[in-house]
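Chain naming here is simple, since letters A, B, ... match the order of the sequence lines and numbering starts at 1 in each. Values below: all heavy atoms of this structure, side chains included; hydrogens, waters and symmetry mates excluded. Nothing here was measured: the structure is a model prediction, and the numbers come from that model.
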There are 2 protein chains.
Amino acid sequence: MALGKDYVTQECSIARALEVVGERWTLLVVRDALYGVRRYNDFLVHLGIPRAVLAARLQTLTSEGILEKRRYQESPPRDEYVLTESGIGLWPTLRSLGLWGREHVSGVKLREFRHALCDTELGPYGECRVCGTIVPVPDVVMVPGPGLDPDPADPVSKALLRPKRLLEPLVTEPV
Amino acid sequence: MALGKDYVTQECSIARALEVVGERWTLLVVRDALYGVRRYNDFLVHLGIPRAVLAARLQTLTSEGILEKRRYQESPPRDEYVLTESGIGLWPTLRSLGLWGREHVSGVKLREFRHALCDTELGPYGECRVCGTIVPVPDVVMVPGPGLDPDPADPVSKALLRPKRLLEPLVTEPV
DNA sequence: CAGGGTAGGTTCGGTCACTGAACCCTTGAC
DNA sequence: GTCAAGGGTTCAGTGACCGAACCTACCCTG
């Protein structure tokens with residue numbers, strides 16, 4: 001946590017959670033990972049985060065068991081960062097935070113989330129209104145909403161314009 | 001937001017939300033407000049936050065429309081900080097963040113939340129399993145869980161040991 | 001009416017996280 | 001041999017956060 005200080009007096013699960021994911025950028029890294037971003041460089045260009053900070057976040061998220069670093073090719077050695085179960089568990093939090101931001105801060109719908117099996121838009125708790133069940137994260141499809149810039153500058157944002165399932169690895173166009 | 005920098009490149013409701021509530025201490029102030037804390041001094045002793053930071057947070061939260069500052073006595077002039085509708089809208093986020101912290105960080109159940117009308121423990125989305133509805137925040141009762149220290153040092157934590165509804169103003173024992 | 005207590009701040013020097021830019025290493029392609 | 005790309009590390013500067021001290025307005029008590 002920021003300043004090396006924990007919320008030491010707080011006997012509270014929310015405080016414990018914030019000690020892990022409450023630093024600047026951390027939740028945005030997790031969000032990108034949910035959207036399918038896996039590579040250092042993709043996080044870098046999409047978030048506009050300083051390299052040193054990204055390296056630090058990826059390392060703490062890995063050591064906290066939220067991301068898993070895994071080698072996907074040997075030569076040259078390349079690693080990718082994939083969400084663990086614990087990391088996927090942050091989906092409801094990010095979902096409700098996003099809804100709150102849309103409703104009380106930005107006022108614009110930038111993305112929609114739908115149930116892959118029946119194409120119904122999710123309710124506020126990530127449930128499918130038609131099927132009446134909580135939709136598992138891999139069955140959530142993200143599609144761009146009306147407020148989203150149709151021609152973004154960076155290739156990661158471009159790739160995220162295409163409807164895709166959460167967690168499904170992002171493929172960026174080779175420049 | 002920290003360092004005067006917003007998440008400027010991010011076209012995303014989550015980023016917008018974090019610009020408002022993503023600073024250190026901010027979400028804990030909102031949590032305390034949900035628990036019924038209203039006064040400067042109660043926030044201070046309960047959070048263990050530096051006075052200057054608390055003053056700054058209360059001011060930004062007020063100007064962002066999440067808290068409302070209101071005079072509750074004239075002489076001496078005293079103000080209290082009460083959640084607005086927008087602030088209450090953060091309940092689902094805090095609820096899911098707390099659940100995640102309990103499940104993936106602390107592992108201990110510190111508090112329980114129940115439906116006031118039927119005394120059923122809430123489900124993960126703040127719904128009542130018996131009534132089948134989302135419980136409005138004022139109808140949520142908070143009761144201490146098994147893992148909570150039964151004899152805390154500060155009077156605010158003491159007062160929070162008694163079951164009470166969310167938002168209901170906290171009354172601290174006069175020392 | 002002096003002294004003490006309380007609520008709600010502001011000020012201030014020091015520390016530490018974040019920032020942006022530059023540099024480094026390994027590998028593969030030309 | 002040279003270049004580019006991916007994935008980092010290093011480093012000086014800035015500014016948020018830290019704790020402690022100080023300030024103000026009002027009330028109560030002797």
**Q** Using a strict cut-off of less than 4.0 Å between a Lys/Arg side-chain nitrogen and an Asp/Glu carboxylate oxygen, indicate whether R114(A) and E112(A) qualify as a salt bridge.
**A**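 Yes, charged N to carboxylate O under 4.0 Å.
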**Q** Please state whether the phosphate of dA7(C), meaning OP1 or OP2, lies under 4.0 angstrom from any side-chain nitrogen or oxygen of Y81(B).
**A**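 False: Y81(B) side-chain N/O out of range (4.0 Å or more) of dA7(C) OP1/OP2.
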**Q** Expressed as a whole number of angstroms, how long is the span from L58(A):CG to dC18(C):P?
**A**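 Between P of dC18(C) and CG of L58(A): 14 Å.
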**Q** Grab the CZ-P distance between R71(B) and dG8(C) for me, whole Å please.
**A**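 Interatomic distance, CZ of R71(B) to P of dG8(C): 10 Å.
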**Q** When you look at E80(A) and R70(A), which way does the side chain to side chain contact (heavy atoms under 4.5 Å, CB included) test go after all the steps?
**A** CA-CA 5 Å; E80(A) 59 183 7; R70(A) 72 182 176 213; 3.6 Å; yes
**Q** Could you walk me through whether L122(B) and H115(B) pass the side chain to side chain contact (heavy atoms under 4.5 Å, CB included) test, one step at a time?
**A** CA-CA 6 Å; L122(B) 297 194; H115(B) 188 188; 4.2 Å; yes
**Q** Would you indicate which nucleotide in dT19(C), dC18(D), dG6(D) comes nearest to any side-chain atom of P50(B)?
**A**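 For P50(B), the side-chain atoms sit closest to dC18(D).
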**Q** Phosphate oxygens OP1/OP2 of dA16(D): is one of them under 4.0 Å from a side-chain N or O of W25(B)?
**A**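 For W25(B), the contact criterion (side-chain N or O under 4.0 Å from OP1 or OP2 of dA16(D)) is not met.
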**Q** Quick check: are there more than 12 heavy atoms from other residues, nucleotides or ligands sitting under 6.0 Å from CD of E168(A)?
**A**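 Enclosed: over 12 neighbouring heavy atoms sit under 6.0 Å from CD of E168(A).
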**Q** To the nearest Å, how far apart are R39(A) CZ and dA5(D) P?
**A**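 Answer to the nearest Å: 15 Å.
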**Q** Measure the distance from CD1 on I49(A) to C1' on dG8(D) and round it to the nearest whole Å.
**A**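 These atoms are roughly 14 Å apart.
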**Q** Assign A52(B) to base, sugar-phosphate, or nothing according to its heavy-atom contacts below 4.0 angstrom with the strands shown.
**A**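 Base, at least one base heavy atom under 4.0 Å.
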**Q** Quick check on Q73(A): does its CD atom have over 12 non-hydrogen neighbours (other residues, nucleotides or ligands) under 6.0 Å away?
**A**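 Yes.
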**Q** Are D32(B) and H46(B) close enough that a side-chain donor and a side-chain acceptor fall under 3.5 Å?
**A**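 The criterion, which ignores hydrogens and geometry beyond distance, is satisfied for H46(B) and D32(B).
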**Q** At less than 4.0 Å, is any side-chain N or O atom of R24(A) found next to OP1 or OP2 of dT19(C)? Yes or no.
**A**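 For dT19(C), OP1/OP2 do have a side-chain N/O of R24(A) under 4.0 Å.
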**Q** Of V37(A), L47(A), T26(A), which meets side-chain contact (heavy atoms from CB on, under 4.5 Å) against R31(A)?
**A**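 Going through the options one by one, the only one that passes is L47(A).
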**Q** For dG8(D), does either OP1 or OP2 sit under 4.0 Å from a side-chain N or O belonging to K69(A)?
**A**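 Yes, such a contact exists.
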**Q** Compute the bend angle of the helix from dC1(C)-dG30(D) to dC30(C)-dG1(D) from the end axes (five pairs per end), rounded to 10°.
**A**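 Computed from the C1' atoms at both ends, the axes differ by 0°.
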**Q** Do R111(A) and E11(B) meet the salt-bridge criterion of a basic N to acidic O distance under 4.0 Å?
**A**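 No, this pair does not count.
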**Q** Please give, in whole Å, the distance from dG8(C) C1' to R38(B) CZ?
**A**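 Atom CZ in R38(B) sits about 18 Å away from atom C1' in dG8(C).
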**Q** With the side chain of Y40(B) defined as its heavy atoms from C-beta on, choose the nearest nucleotide among dG7(D), dT9(D), dG9(C).
**A**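 So the nucleotide nearest the side chain must be dG9(C).
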**Q** Among dC18(C), dG8(C), dG8(D), find the nucleotide with the atom closest to the side chain of R57(A).
**A**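 From the listed options, dC18(C) comes nearest.
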**Q** Quickly work out the E23(B) CD to dG15(D) P distance and round it to whole Å.
**A**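 Value for this atom pair: 15 Å.
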**Q** Is it the case that R38(B) places NZ or CZ above or below the six-membered ring of F43(B), under 6.0 angstrom from the centre and within 45 degrees of the axis?
**A**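 Because its charged atom misses either the 6.0 Å distance or the 45° angle limit, R38(B) does not stack over F43(B).
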**Q** Measure CG/L54(B) against C1'/dG19(D) and give the value in whole Å, please.
**A**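 Going from CG in L54(B) over to C1' in dG19(D) covers 14 Å.
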**Q** Taking only side-chain N and O atoms of N41(B), does any of them lie within less than 4.0 angstrom of OP1 or OP2 on dA7(C)?
**A**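 Checking N41(B) against dA7(C): at least one side-chain N or O falls below 4.0 Å of OP1 or OP2.
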**Q** Which parts of nucleotides 22-30 of chain C does protein reach within less than 4.0 Å, heavy atoms only, written one letter per nucleotide 5' to 3' as B for base, S for sugar-phosphate only and - for none?
**A** B----SS--
**Q** Show me the pairs that pass ring-ring contact (aromatic ring centres under 6.0 Å, His included) and involve residues 72-107 of chain A, at least two apart or across chains.
**A**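 Non-adjacent pairs meeting ring-ring contact (aromatic ring centres under 6.0 Å, His included): W91(A)-F113(A), W100(A)-H104(A).
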**Q** Taking any heavy-atom pair under 4.0 Å as a contact, classify V53(A): base, sugar-phosphate, or nothing.
**A**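 Base: the residue V53(A), judged by heavy atoms under 4.0 Å, touches a nucleobase.
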**Q** Nearest-Å distance, OH (Y7(A)) to P (dC17(D))?
**A**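 After rounding, the gap between these two atoms is 9 Å.
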